[in-house]
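Below is one structure; the comments refer to it alone.
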Amino acid sequence: MSLPRPLARVAVLLLALCAALVAGVAVASVASAHVTVSSDDAAPGGYGKLTFRVPNESDTAGTVALRIQIPEEAAMGSLRAQPVPGWTVTTTTTDLAEPIDVHGQEISSYVSLVEYRADEGAGIAPGQFQEFALSGGPFPDVEQLSFPTVQSYSDGDESAWIEPTVAGQAEPERPAPVLSLTAADGAEPAAAPTDPAADAHADGHTDDPGALALFFSILALLVALAGVVLGVRANRRTVSS
């Protein structure tokens, strides 16, 4: 038995909007899965703790490795990794093209790569996240530092968070974690990238495109449901007359 034409049209519209809702949810999930870096005490010329937040963006595989690159322009005279239970951490040292002076001592090499690998049976499971901390300094006299990072999964896939974020341009699909250093003279620091899933503006609004897509998808679904109700009522009135 086929539906009356008005109801059939509404049903097609409803199916299309449900698909849009699913797509909006998927976009919001991907948009919130960025690897980020933050610090409460890092400042140009000083020492501080860097915290890398690593969400697991896969629904079926766990995160089993994380490789954090420290570019030469972010070189520090001292850099140490905080142990994480269930993970093994190693560092790689690279010679500097030009030595840097740290408290009167010439430093010719620096830690250029920090790698965490999950022990057997460990890792970041789907739906979870893990934080990895580094402590070091002195930081270069700049406003921001970028740390390209590669996230590896148990199924062999990798997420390379290595694309630069350019001011005035849209955020890339896989942005490298960017650390904004606290201004040494007490001025307000530049805004650091945040996890769209965890942080929103103080006024309750968000600029996350995934969240906006989800909002409009839900709104469209509600409109479609209202259309179905009106269509059913109109059909009943037609039949009764």
Side-chain angles (χ1 to χ4, degrees), residues 34-55 63-119 122-124 129-152 158-167 171-172 174-195:
H34 294 178
V35 173
T36 59
V37 60
S38 62
S39 177
D40 292 332
D41 54 2
Y47 292 76
K49 176 182 178 181
L50 310 181
T51 301
F52 289 81
R53 179 178 297 175
V54 184
T63 296
V64 294
L66 187 74
R67 300 193 300 276
I68 304 170
Q69 180 185 349
I70 294 84
E72 187 160 336
E73 58 268 22
M76 290 167 269
S78 173
L79 186 64
R80 295 177 174 84
Q82 180 176 346
V84 178
W87 294 74
T88 299
V89 57
T90 58
T91 59
T92 300
T93 302
T94 300
D95 291 336
L96 288 162
E98 295 185 8
I100 57 176
D101 181 82
V102 179
H103 304 307
Q105 182 180 2
E106 188 176 88
I107 303 297
S108 58
S109 62
Y110 77 108
V111 174
S112 59
L113 182 69
V114 179
E115 183 171 6
Y116 290 87
R117 287 199 171 273
D119 299 338
I124 309 173
F129 76 95
Q130 178 68 54
E131 291 184 339
F132 302 86
L134 305 177
S135 177
F139 292 100
D141 189 12
V142 295
E143 293 183 353
Q144 293 185 329
L145 294 173
S146 178
F147 298 93
T149 302
V150 177
Q151 181 179 9
S152 300
E158 288 188 339
S159 293
W161 305 99
I162 61 175
E163 299 178 75
T165 299
V166 181
E171 183 182 68
R174 300 288 183 181
V178 175
L179 174 71
S180 292
L181 298 178
T182 303
D185 58 1
E188 289 295 327
T194 58
D195 188 342

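Because the structure is a prediction, the values reported are computed rather than measured.
Between S38 and L179, the shortest heavy-atom distance links the atoms C-CD1, 3.8 Å.
In this structure, CD in E143 is found 8.0 Å from OG in S180, a value given to the nearest 0.5 Å. Note: E171 CD to T165 OG1 = 5.5 Å, rounded to the nearest 0.5 Å. In this structure, CE in M76 is found 9.5 Å from OH in Y110, a value given to the nearest 0.5 Å. Remark: S108 OG to D95 CG distance equals 6.0 Å, nearest 0.5 Å. Atom OG in S39 sits 9.0 Å away from atom NZ in K49 (nearest 0.5 Å).
Not a single donor-acceptor pair under 3.5 Å links the side chain of D141 to the backbone N or O of G45. Side-chain N or O atoms of E163 include one that pairs as donor or acceptor with a backbone N or O of R174 at under 3.5 Å. Judged by distance alone, with hydrogens and angles left aside, the side-chain atoms of E72 form a donor-acceptor pair with the main-chain N or O of A97 at under 3.5 Å. Between the side chain of T149 and the backbone N or O of I68, no donor-acceptor pair lies under 3.5 Å. The main-chain N or O of P55 is found under 3.5 Å from a side-chain atom of Q151 such that the two form a donor-acceptor pair.
For the residue pair T51 / E131, no side-chain donor-acceptor distance below 3.5 Å is found, with atom types taken as modelled.
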Practice problem: Check step by step if side chain to side chain contact (heavy atoms under 4.5 Å, CB included) holds for I124 and V54. | Solution: CA-CA 9 Å; I124 309 173; V54 184; 4.1 Å; yes
Quiz item: Step by step, would you call L145 with V178 a side chain to side chain contact (heavy atoms under 4.5 Å, CB included)?
Solution: CA-CA 6 Å; L145 294 173; V178 175; over 6 Å; no
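Residues passing the side-chain contact (heavy atoms from CB on, under 4.5 Å) test with P164, sequence neighbours excluded: none. For V102, the side-chain contact (heavy atoms from CB on, under 4.5 Å) partners at least two apart in sequence or on another chain are Y47, I100, I107, P138.
Between H34 and W161 there is a side-chain heavy-atom pair separated by less than 4.5 Å. Between V150 and S159, the closest side-chain pair of non-hydrogen atoms is not below 4.5 Å. Side-chain contact between P44 and P140: absent, with no pair of heavy atoms (C-beta onward) separated by less than 4.5 Å.
Checked options I162, L50, L134, V114; the residue passing with F147 is L50 (criterion: side-chain contact (heavy atoms from CB on, under 4.5 Å)).
F132 has its ring centre no less than 6.0 Å from the ring centre of F52.
With Y116 as the aromatic partner, R67 does not meet the cation-pi criteria of under 6.0 angstrom to the ring centre and within 45 degrees of the ring axis.
The number of heavy atoms from other shown groups lying within 6.0 Å of CG (D40) does not exceed 12.
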Under 3.5 Å, side-chain donor or acceptor atoms of residues 78-93 against the rest of the protein: list the pairs with distances, not counting sequence neighbours.
residue	atom	partner	partner atom	Å
S78	OG	R80	NH1	2.8
T88	OG1	D119	OD1	3.0

